[in-house]
Amino acid sequence: MTAERYNPRESEAKWQAVWEARKTFQTSNEDPRPKYYVLEMFPYPSGRIHMGHVRNYAMGDVVARYKRARGFNVLHPMGWDAFGMPAENAAMQNKSHPARWTYTNIDTMRGQLKSMGLSLDWSREVATCDPSYYRHQQKMFLDFLSAGLVDRKKSKVNWDPVDHTVLANEQVIDGRGWRSGAIVEQRELTQWFLKISKYSQELLDGLDTLDRWPEKVRLMQRNWIGKSEGLLVRFEVAAATAPAGLTELEIFTTRPDTLFGAKFMAIAPDHPMAAAVAAGNPELKAFIEECRRGGTSVVALETAEKMGFNTGVRVQHPFDPDWLLPVYVANFILMEYGTGAIFGCPAHDQRDLDFVNKYGLGNTPVVCPAEVHPANFKITDVAYDGDGRMINSRFLDGMSVPEAKEEVSRRLESSVWGDRPRARRQVNFKLRDWGISRQRYWGCPIPVIHCDACGVVPVPEKDLPVQLPDDVTFDQPGNALERHPSWKFVKCPSCSHDARRETDTMDTFVDSSWYFARFTDPWNKDTPTTRSAVDHWLPVDQYIGGIEHAILHLLYSRFFTRAMRITGHCEVSEPFRGLFTQGMVVHETYRAQDGAWLTPNEVKFSSDAAGRRAFSLATSAEVQIGPSEKMSKSKRNTVDPDDIIGTFGADTARWFMLSDSPPERDVAWTEEGVQGSARYVQQLWRLVHDLAGVAAPIGTRPLSAMTAEATAIRKAAHTHLMHVQENIERLRFNTAIAEIRKFSNTLLSLLSNAEAAPDDASRAAYREAADILVCMFAPMMPHLAEECWAVLGYSSPVSESAWPVLDMSLTKNDMISLPIQINGKKRADLTIDADADDAAVQSATLKLEAVQKALEGKAVRKIIVVPKRIVNVVVA
RNA sequence: GCGGACGUGGCGGAAUUGGUAGACGCAAGGGACUUAAAAUCCCUCGGGACUCCCGUACGGGUUCGAUUCCCGUCGUCCGCACCA
């Protein structure tokens, strides 16, 4: 049978319309089949989709379509993470409104996603900037508030004085605002916080249950939560040196065993004791100012030298009232961690060692490694933080580190000074509360009202949503809500006097912390979730997205889900049962002589045995081919999904995205690779026509009387079906694709090598094989599969058909071929009955000519038979 | 500095988790068809002294057998970063 070339442009549009008309991918919450929730991280509507989206959604769609075919009721929704700064920046530039920019982008991107042929339930689409979404977020905020999960407190923030907003730490680059370039100031602002740190331990423990998450992500979250167990110790201030009213200094340490190696105390510049001393000491005051200017940006911290200022205050060693330690204000002590004060043990802490070496305070080693004699153990530039026995430590001498920790803790806990013990054990976490206040317009308003008489008053539920006003201007930086003429002026809901709305909006990470729950019933107007729906669907069975969200989004969502559970909005604690983090899409870079970057469209290539060269289309000058890097506007190495889909079709783009690299690794987008995929589309198209020409009619069962050819066809079909299934289940799309290609190669050669017209047994087998082939690639190339399915005679879509039933008996062979090794080197092959026992395999091995030859004159020491794998003959 | 991952042909990668290294594809070379091009089809494709030997970054080890496990070295990438 001859076939026209497959025309993706026509077919793709046609089948997308069919799916939409038949509501093929709409999911009912009432469907009794087992549920499967597949979710890809929803996009920010920045304007157009990029190749990273194509990869992400192609993967999710394979899983969704596969699971649907396997009989699951699949939920596969899509929405928009639609609040955020870029919309305001665009509004400022274009003198328009963020909503207009956002919704225009959403329309464009929705169209692009639809052109990919994704099996999404578009009836559940949500946009976080829509009041029908954020009203529920406000409700939950109020629920969290009354459940004690929200805090309002002063905190130090990065303040951009040009953009008039708080910046996240990630948005501060070299101490400057990432957009404005202005030097970032540290400001104390009163901010709203979600009390995530209260759940540190629970979030840590929960990681152990997430066995279908990448180990890497779990480790990153573990480190981020940063649990450490230690001791809070109260040091008595020497009365003569005590600044006003301060009689003690409390520190946190994880190394109480090293207490006898202490040389100094250090406190943070913001520590109350520093302030107390500075009050009468202008020099210290200046030093503290300098530390503050140093900033908290990563770079500032990295390059900052250890600096200290001796306050003159002295404290007593807890085990020796006559041993006085000087108290320094030091720039490397953080007020936010522990108590903002430490004791310095230079011998066993690099940071402390650097400090004493600068200020000449010396060091005393107190932990001696096993292989060194204590008398010879000296510390100069490198602190020792390993194991060993205690030395120079009075009653601790000779103990191991854990023993010494325990002994110190025990003694100080039972030693009372004042009316309290000198020390208590404490667990500390690095995880800080989540500051969600943003001084921006385009975000979810925080639903509270400030009243001079009543304080902070929650907006009554009946007044939700607190909606963003439309009449705002973006002709100046800062928060448009703040300067709106009337929006913030309201009456206090409690006393009816004049009051003011909160003008801060929520961090957009709040929006994305529960969208997966909203998808389960986005139609509910009254409450954020419908318990029957959310409890049925959650957790998400397979979540797919970029590694860049390993901490923030995924940790916030895990916390938010717990908060929703506590406030009765859902049952689960962990939102994502399975997580997969896919790699980036990278592309070669092209650079002209003058240093200008060229896009892939501006370059032509020539290649021969000597290599591959690139030339500018415009000037014909040779351009340099640079390494593959993440697609970026600055390097101009981007490829537009619309162009690819327009030229090759969505199926080709999807297939190539999935075929070339393991999904967790970066994939290099290449023109040649895409063309290879496009060739394969046509190859499959021809193959299916050829198969249709020889296949028995639909519904023909494989015959019981099998010929050799029919057996070969059926075995190939079921063996490859088994492998494709396994590989899709494990998200190994690249190897699944290799199996499909192997199968189609096998069918091609069976068809072309057939000497006579196929008999009835073969025709029945070809029918089965053709059906299996199309079902196999349908998750990756759904449009082509539909068209092929029709060629095979089916009248309803393959997207609505069940996955083929695997017959395991056909994946096993009666005869197997075993490699025969002699002393670990392969020397022969043995074809033998698959269920021959070891003895039979051994004797057959020894009869082989090649083995006989290799054995000449040598004695067989032993024969190792690994059933169905390999035979190794060990000779002397 | 701390933590983690990785290192296989010209390239992307595969190898059933200790059992035939290089599946599948890309690129390249040769050939067929064609007036020609495209498309399609066939052959070759880790290296060599080619019935054999070498080869999975490098050096050791365990094992009948190591890309896989262990120790060390080198390199690349990622995360965290003065967290007491």
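Lettering follows sequence order; numbering is per chain, from 1. Only heavy atoms go into these numbers, but all of them, side chains included; no hydrogens, no water, no symmetry mates.
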- Message: Of the options B:C41, B:C82, B:G19, whose atoms approach the side-chain atoms of A:Gln821 most closely?
- Response: B:G19
- Consider the side chain of A:Arg732, meaning its heavy atoms from C-beta on, and name the nucleotide among B:A15, B:C24, B:C83 that approaches it most closely. B:A15
- Task: Take atom CG of A:Asp690 and atom C1' of B:C41, then tell me their distance rounded to the nearest Å.
- Result: 13 Å
- Query: So which nucleotide from B:G3, B:C64, B:A84 ends up closest to the side chain of A:Leu219?
  - Reply: B:G3
- Message: Checking A:Gln842 against A:Asp838: is there a side-chain donor and acceptor pair closer than 3.5 Å?
- Response: no
- Query: For atom C1', what is the distance between B:C78 and B:C71, given to the nearest Å?
  - Reply: 25 Å
- Task: Give the nucleotide from the list B:A15, B:G12, B:C78 with an atom nearest to the side chain of A:Ser661.
- Result: B:G12
- Query: Are A:Phe264 and A:Tyr359 near enough that their ring centres are under 6.0 Å apart?
  - Reply: no
- Query: Who pairs with A:Trp213 by ring-ring contact (aromatic ring centres under 6.0 Å, His included), at least two apart in sequence or on another chain?
  - Reply: none
- How far, in whole Å, is B:G31 from B:C77 if one measures between their C1' atoms? 44 Å
- Task: Take atom C1' in B:U68 and the same atom in B:A57, then report the distance between them in whole Å.
- Result: 16 Å
- Item | Test item: A:Pro214 and A:Leu579 side chains (from C-beta on) under 4.5 Å apart, heavy atoms | yes
- Query: So, is A:Asn727 close to the B:A14 phosphate, meaning a side-chain N or O under 4.0 Å from OP1 or OP2?
  - Reply: no
- Which of B:A81, B:C54, B:G19 is nearest the side chain of A:Lys825? It is B:C54
- So A:Phe309 and A:Phe287, would you call those rings parallel, tilted or perpendicular, with 30° and 60° as cut-offs? tilted
- Query: Should A:Arg741 be listed as having a side-chain N or O under 4.0 Å from OP1 or OP2 of B:A14?
  - Reply: no
- Message: Would you say the ring centers of A:Phe777 and A:Phe743 fall short of 6.0 Å from each other?
- Response: no
- Query: Expressed as a whole number of Å, how far does the C1' atom of B:U56 sit from that of B:G13?
  - Reply: 13 Å
- Query: Could you give the CD1-to-P distance, from A:Ile816 to B:U20, as a whole number of Å?
  - Reply: 14 Å
- Query: A:Arg665 side chain: which of B:G13, B:C82, B:C26 is closest?
  - Reply: B:G13
- Item | Stem segments of RNA chain B by first residue number [Watson-Crick or G-U, under 3.5 Å, at least 3] | B:1-7 with B:74-80, B:10-12 with B:24-26, B:28-32 with B:40-44, B:46-48 with B:52-54, B:57-61 with B:69-73
- Query: For atom P, what is the distance between B:A15 and B:U67, given to the nearest Å?
  - Reply: 16 Å
- Query: Just by distance, do the side chain of A:Asn357 and the backbone of A:Thr380 share a donor-acceptor pair under 3.5 Å?
  - Reply: yes
- Quick one: classify the glycosidic conformation of B:C50 as syn or anti, with syn meaning within 90° of 0. syn
- Message: Using the side-chain heavy atoms of A:Asn734, tell me which of these nucleotides is nearest: B:G3, B:A14, B:A27.
- Response: B:A14
- Message: By the 4.0 Å heavy-atom rule, please label A:Lys742 as base, sugar-phosphate, or nothing.
- Response: sugar-phosphate
